[in-house]
**Q** 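Take a look at the following structure, please.
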Amino acid sequence: MVNLLKYVVSTVSRSGSHRLQAQRKLNLRPLGRCPSLSHYTYHTLVPQVVVEVQSGLNQFSAFHTSSLRNGIVPFKLSDIGEGIQEVTIKEWFVKEGDVVAQFDQICEVQSDKASVTITSRYDGTITKLHYKLDEIALVGQPLVDIDIQEAPTGVPSDQQRVVQEGDAIQVGRSEESLRLPAEPNESLKTMATPAVRRIATENHVDLKDVTGTGKEGRVLKEDILHFVNLKLSGQVKPPSQPPISPISKAAKSHPSSEHKPIPVYTPLPDRKEPIKGYVKAMIKSMTVANAIPHFGYSDEIDLSQLIRMRKEFKRAGEEFGVKITYMPFFLKAASLALSQFPILNSTLDTANEVIIFKGSHNIGVAMDTKLGLIVPNIKSVESKSVLEIAEELGRLHQLGLKGTLGPNELTGGSFTLSNIGSIGGTYAKPVILPPEVCIGALGKIQTLPRFDSNGQVIATHIFNVSWSADHRVIDGATMARYSNLWKSYLENPASMLLHLK
């Protein structure tokens with residue numbers, strides 16, 4: 001066998017004919033070709049040998065021999081992109097002894113950038129889980145062991161099998177199948193595909209209430225539709241409330257006259273928590289941001305006209321099922337102003353000493369969630385209407401609450417707004433999110449006395465904005481002019497109509 005492999009090393013070259021010679025003389029049988037059109041995998045007639053050859057190379061590119069005793073495959077966590085090397089196990093959808101099929105969900109993992117669902121590549125039985133909930137899993141290390149039930153096609157059953165290790169990744173899951181991993185999942189979820197879960201969500205059906213007729217109790221599309229028909233016909237009733245005992249009724253009608261005991265403070269010991277998830281991402285980005293010289297600029301804006309216009313837009317948005325807040329107007333005005341000041345919609349590449357002017361206005365919106373501060377961005381705001389921006393903002397908000405924002409929503413931003421006023425406060429000192437060069441913090445809206453053009457005191461709706469810019473590329477005059485233009489759009493929202501496309 002060693003001589004055969006040495007022959008492959010010396011025979012395979014740039015010439016396609018040499019590759020065919022190696023195939024003929026070694027009696028190699030092609031197993032497949034990668035999408036790169038230059039990577040071939042061969043199976044020799046010598047048991048347990050897989051030969052991989054890349055065309056265009058003067059030497060043998062890669063080969064491995066592997067045999068799996070008892071058919072057990074170590075299912076590894078493959079590279080999920082964005083330079084991620086470790087993830088946190090947030091939820092298991094299987095347990096040891098479960099039978100899985102290809103594309104069945106194995107687990108949900110949380111990186112410092114997004115939530116990702118790992119799906120099975122094999123048909124088989126789970127024999128071992130390598131991690132517990134909230135443990136750190138490393139890329140390239142096994143997640144689970146799977147006992148494959150059937151031998152690969154074309155390989156005699158008495159031979160040990162050769163299997164390429166890896167996994168399949170599904171980024172972004174249906175909203176029904178995703179939730180915040182705040183509490184350990186004691187019981188496994190009902191088995192169903194993402195498409196079936198989406199149908200259940202659209203029809204407000206809890207999968208736990210549906211009896212699956214598929215393999216291993218899997219819920220099918222037909223099961224959901226049948227359940228909906230029964231529900232509409234009245235044959236399925238909502239779960240009844242447990243009866244209230246006479247004692248509990250009496251307790252409600254005659255509350256105790258005793259006062260509640262004063263809470264006693266119990267000192268808690270110190271504890272340590274590992275840095276992971278979004279907190280880890282924030283530490284990395286803020287450490288880089290600390291090296292940026294921040295320039296601050298603040299101003300106040302009269303939103304009286306915008307508030308009146310928003311009331312009319314709010315009723316129109318309800319017809320489309322979209323909630324219209326002030327934020328879509330802030331974002332659209334920011335995009336219109338960025339068209340006049342493209343330097344603020346750029347990123348700084350210090351390594352190559354270049355400023356990258358972004359063609360699209362991918363404006364990030366800072367959100368406070370249970371998992372920490374996250375900044376998803378709305379893509380191409382310049383080409384979206386206020387209604388479309390509001391719809392996308394609502395979608396991102398729901399994903400943020402569930403902790404299911406993916407890499408596409410969390411990367412690629414070019415400008416950021418943070419609505420700190422939704423929590424409280426007027427002024428702030430926002431920190432730039434590298435490699436962007438500008439960020440704005442929006443304060444709360446207040447009713448304050450101001451003088452009108454006639455010198456009369458009137459009640460106006462005032463809110464404050466605080467800008468931070470990278471002073472290496474943004475000067476104070478540019479920041480002030482941009483802020484004034486953005487302010488003019490908000491104080492006179494009808495003027496935005498002149499520039500909308």
Side-chain angles (χ1 to χ4, degrees), residues 282 286 289 292 294-311 313-314 323-338 341 344-345 361 363-369 372-378 381 386 389-390 393-394 396-397 400 413-433 436-452 457-471 474 476 478-493 495-496:
M282 179 182 288
M286 291 300 100
I292 299 175
H294 283 56
F295 167 78
Y297 180 86
S298 300
D299 200 358
E300 69 172 33
I301 301 173
D302 183 358
L303 294 182
S304 300
Q305 291 190 39
L306 180 61
I307 289 176
R308 289 192 291 269
M309 177 180 284
R310 183 240 177 186
K311 291 180 180 179
F313 276 74
K314 185 177 181 181
K323 183 179 179 180
I324 303 294
T325 63
Y326 295 107
M327 198 63 184
F329 295 98
F330 298 156
L331 292 168
K332 190 62 183 179
S335 176
L336 291 175
L338 286 174
F341 296 91
L344 293 170
N345 191 59
H361 300 166
I363 303 181
V365 181
M367 293 182 180
D368 180 40
T369 69
L373 178 66
I374 55 177
V375 189
N377 61 82
I378 299 177
V381 176
V386 172
I389 295 172
L393 193 62
L396 294 177
H397 180 68
S414 58
F415 187 88
T416 299
L417 291 180
S418 176
N419 188 14
I420 191 65
S422 61
I423 301 175
T426 52
Y427 290 96
K429 187 180 179 182
V431 181
I432 298 171
L433 186 65
E436 298 173 15
V437 297
C438 186
I439 183 174
L442 313 179
K444 65 181 180 181
I445 301 175
Q446 306 175 87
T447 303
L448 299 173
R450 291 294 184 271
F451 290 100
D452 64 8
V457 178
I458 59 174
T460 55
H461 299 281
I462 300 296
F463 99 117
N464 305 101
V465 60
S466 303
W467 301 102
S468 287
D470 188 338
H471 214 353
I474 308 297
T478 301
M479 189 71 257
R481 292 188 182 99
Y482 172 84
S483 182
N484 290 338
L485 180 59
W486 182 69
K487 175 180 178 178
S488 68
Y489 288 141
L490 298 179
E491 290 190 335
N492 184 18
S495 65
M496 287 194 290

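Please read these numbers as outputs of a predicted model, since none were measured by experiment. Values below: all heavy atoms of this structure, side chains included; hydrogens, waters and symmetry mates excluded.
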**Q** Looking at Tyr482 and Ala334, would you say the former's side chain and the latter's main chain have a donor-acceptor pair under 3.5 Å?
**A**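 Present.
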**Q** Looking at Lys487 and Ile301, what are the two nearest heavy atoms and their distance?
**A**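 Looks like CG-CG1, 3.7 Å.
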**Q** Would you say that Tyr326 contacts Ile445 through its side chain, given a criterion of any heavy-atom pair below 4.5 Å between the two side chains?
**A**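 Yes, their side chains come closer than 4.5 Å.
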**Q** Run the side-chain contact (heavy atoms from CB on, under 4.5 Å) test against Thr426 and tell me which residues pass, sequence neighbours left out.
**A**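 Applying side-chain contact (heavy atoms from CB on, under 4.5 Å) to Thr426 gives Lys444, Gln446, Asn464.
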**Q** Going by heavy atoms in the side chains, are Trp467 and Ile439 under 4.5 Å from each other?
**A**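 Trp467 vs Ile439: side chains apart.
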**Q** Passes ring pair (Phe, Tyr, Trp, His ring centres under 6.0 Å), Phe463 versus Phe330? Steps please.
**A** CA-CA 12 Å; Phe463 99 117; Phe330 298 156; 5.1 Å; yes
**Q** Before giving the answer on side-chain contact (heavy atoms from CB on, under 4.5 Å), spell out for Leu490 and Leu303 the whole-Å C-alpha distance, their side-chain angles and the decisive distance to 0.1 Å.
**A** CA-CA 7 Å; Leu490 298 179; Leu303 294 182; 4.0 Å; yes
**Q** Spell out, as yes or no, whether a donor-acceptor pair under 3.5 Å connects the side chain of Asn492 to the backbone of Ser488.
**A**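 Flag not set: sc Asn492 to bb Ser488 has no pair under 3.5 Å.
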**Q** Output the distance between atom OG (Ser468) and atom CD1 (Ile474), rounded to the nearest 0.5 Å.
**A**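 Ser468 OG to Ile474 CD1: 12.0 Å, rounded to 0.5 Å.
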**Q** List for me each residue that meets side chain to side chain donor-acceptor pair (under 3.5 Å) alongside Thr416, sequence neighbours excluded, and say none if there are none.
**A**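 Glu436.
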**Q** Just jot down the side-chain contact (heavy atoms from CB on, under 4.5 Å) partners of Lys314, sequence neighbours excluded, or say none.
**A**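 Partners of Lys314 by the side-chain contact (heavy atoms from CB on, under 4.5 Å) criterion, ordered by chain and then number, come out as Arg310, Glu318.
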**Q** Can you list everything that forms a side chain to side chain donor-acceptor pair (under 3.5 Å) with Trp486? Sequence neighbours excluded, please.
**A**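 Trp486: no side chain to side chain donor-acceptor pair (under 3.5 Å) contacts found.
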**Q** If a pair satisfies salt bridge (charged side-chain N to carboxylate O under 4.0 Å, His left out) and one of its residues is in residues 457-470, list it, with sequence neighbours excluded.
**A**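 Found Asp470-Arg472.
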**Q** Just by distance, do the side chain of Lys332 and the backbone of Val381 share a donor-acceptor pair under 3.5 Å?
**A**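 Answer holds: yes.
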**Q** Under the side-chain contact (heavy atoms from CB on, under 4.5 Å) rule, collect the residues that match up with Ile458, sequence neighbours excluded.
**A**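 Ile458 satisfies side-chain contact (heavy atoms from CB on, under 4.5 Å) with Asp452, Thr460 once adjacent residues are dropped.
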**Q** For a quick test of reading the model, state the closest non-hydrogen atom pair linking Ile324 to Phe313 and the distance between them.
**A**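 Here Ile324 and Phe313 meet closest at CG1-O, 3.6 Å.
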**Q** Between Leu373 and Ala366, which heavy-atom pair has the shortest distance, and what is it?
**A**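 Heavy atoms only, the tightest pair is CD1-CB, 4.0 Å.
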**Q** Does a side-chain heavy-atom distance below 4.5 Å link Met327 with Leu442?
**A**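 The answer is yes, as the side chains (C-beta and beyond) meet within the 4.5 Å cut-off.
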**Q** So, the side chain of Glu491 versus the backbone of Asp302: is there a donor-acceptor pair under 3.5 Å, distance only?
**A**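 Present.
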